[in-house]
Amino acid sequence: MSFEKLAAAGRLVMAVALLATTAACATVVGGTTQEVYVDTEPKGADCSVNRQGANVGYIKPTPGKVGLSRSKETVTLSCNLEGYEQSNEVLVASFTGATVGNILLGGLVGVAIDAASGANNKYPERVMVILTPASFPSDEARDAHYAGIRQRIEAGAKAEIELVNTRCSSTNRELCTIEAKQISDARDKALADLDRRRLAAKVVPA
């Protein structure tokens, strides 16, 4: 299945990546592994983590943490809970901005090793998956559910942009501006996807 189809098939995921803006070597400072904290709403779901067709971890039940080796490859997070649709989320690794520090600490050889291993990439550190009920008893219940998610997306994006600006130094303003724009774009895309999901949701009157 293609990345686009897999992403389209997933439920909504709110992923907050706490990206370090200081120059630091990924392997020397951050290591080659990381933990991802996974929670669901409602809690108590069983989630499996897969990368390149192989299982690399479980969270049973949520909330919980899973240890992952740093990699350029995307990760699929599948969560199940009785009465809710299965969630299939795609977590994308992002560049940590570690290359400058690696040149200082490890030289060009260190940069080459990081680039090859994926150590200068990281996944979101905290992931919240909003599970969608298999059906809603009314249009009002459906709309209220998605309105709550919309508020979470908007509040989460605002908090993430504020975090980027707070951590930003005068020497990397351009990078911070790009990162804030990426967050805004991701927010807008998530809201558009949310409205499509709302319109497609099943309403089964009691």
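Just so it is clear, the model here is predicted, and its values are computed rather than measured.
- A heavy-atom distance below 4.5 Å is not found between the side chains of Val204 and Pro137.
- Atoms OG and CG, on Ser87 and Asn80 in that order, are 8.5 Å from each other to the nearest 0.5 Å.
- Here the CD-OG1 distance, from Gln52 to Thr74, works out to 8.0 Å after rounding to the nearest 0.5 Å.
- A heavy-atom distance below 4.5 Å is not found between the side chains of Thr132 and Tyr84.
- Looking only at atom types and distance, the side chain of Glu73 has no donor-acceptor partner in the side chain of Ser71 under 3.5 Å away.
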Applying side-chain contact (heavy atoms from CB on, under 4.5 Å), run through Leu163 and Ile161 and close with a yes or a no.
CA-CA 5 Å; Leu163 180 62; Ile161 290 173; over 6 Å; no
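- The minimum heavy-atom distance between Val38 and Cys47, with the atom names listed, is CG1-SG, 4.4 Å.
- Judged purely by distance below 3.5 Å, without hydrogens or angles, the side chains of Arg51 and Ser69 pair a donor atom with an acceptor atom.
- A search for side-chain hydrogen bond (donor to acceptor under 3.5 Å, both in side chains) contacts involving Asp195 returns Arg198, not counting sequence neighbours.
- Judged by distance alone, the side chains of Ser78 and Asn88 do bring a donor and an acceptor atom under 3.5 Å apart.
- Annotation: side chain of Arg70 is in contact with side chain of Gln34 (closest heavy-atom distance under 4.5 Å).
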Met128 and Thr40: CA distance, side-chain angles, deciding distance, side-chain contact (heavy atoms from CB on, under 4.5 Å) verdict:
CA-CA 5 Å; Met128 168 65 80; Thr40 58; 5.5 Å; no
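- With hydrogens and angles disregarded, no donor-acceptor distance shorter than 3.5 Å links the side chain of Thr33 to the backbone of Leu68.
- Using a distance-only test at 3.5 Å, with no hydrogens or angles considered, a donor-acceptor pair links the side chain of Thr62 to the main chain of Ala45.
- Salt-bridge formation is not detected for the pair Glu154/Lys158: no Lys NZ or Arg NE/NH1/NH2 atom is positioned less than 4.0 Å from an Asp or Glu carboxylate oxygen.
- The nearest pair of heavy atoms linking Pro124 to Val92 is CD-O, 4.0 Å.
- Between the CD atom of Glu179 and the CD atom of Glu174 there is a distance of 13.0 Å, given to the nearest 0.5 Å.
- The two residues Tyr37 and Lys65 make their nearest non-hydrogen contact at CD1-CG, 3.9 Å.
- No side-chain heavy atom of Asn50 sits under 4.5 Å from any side-chain heavy atom of Val56.
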Show your reasoning for whether side-chain contact (heavy atoms from CB on, under 4.5 Å) applies to Asp39 and Val127.
CA-CA 6 Å; Asp39 199 1; Val127 176; over 6 Å; no
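- Listed by chain and number, the residues in a salt bridge (charged side-chain N to carboxylate O under 4.0 Å, His left out) with Lys202 amount to none (sequence neighbours excluded).
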For a side-chain contact (heavy atoms from CB on, under 4.5 Å) check, start with the C-alpha distance between Ile59 and Asp46, then their side-chain angles and the critical distance, and finish with the verdict.
CA-CA 6 Å; Ile59 302 99; Asp46 291 344; over 6 Å; no
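- Partners of Arg187 according to the salt bridge (charged side-chain N to carboxylate O under 4.0 Å, His left out) rule, which considers only residues two or more places apart in sequence or in another chain, do not exist here.
- The nearest pair of heavy atoms linking Gly44 to Leu81 is O-CD1, 3.5 Å.
- Closest heavy-atom contact between Val66 and Gly57: CG2-CA, 3.9 Å.
- Under the 3.5 Å distance criterion, the side-chain polar atoms of Asn55 are left unmatched by any main-chain donor or acceptor of Ser48.
- Taking the side chain as every heavy atom from C-beta outward, Thr76 and Val49 never approach each other to under 4.5 Å.
- Looking at every heavy atom in both residues, Val164 comes nearest to Cys176 through CG1-O, 3.8 Å.
- Under the 4.0 Å criterion applied to side-chain N and carboxylate O atoms, Asp193 and Lys189 are not assigned as salt-bridge partners.
- Residue Asn121 holds its CG atom at 6.5 Å from NZ of Lys72, rounded to the nearest 0.5 Å.
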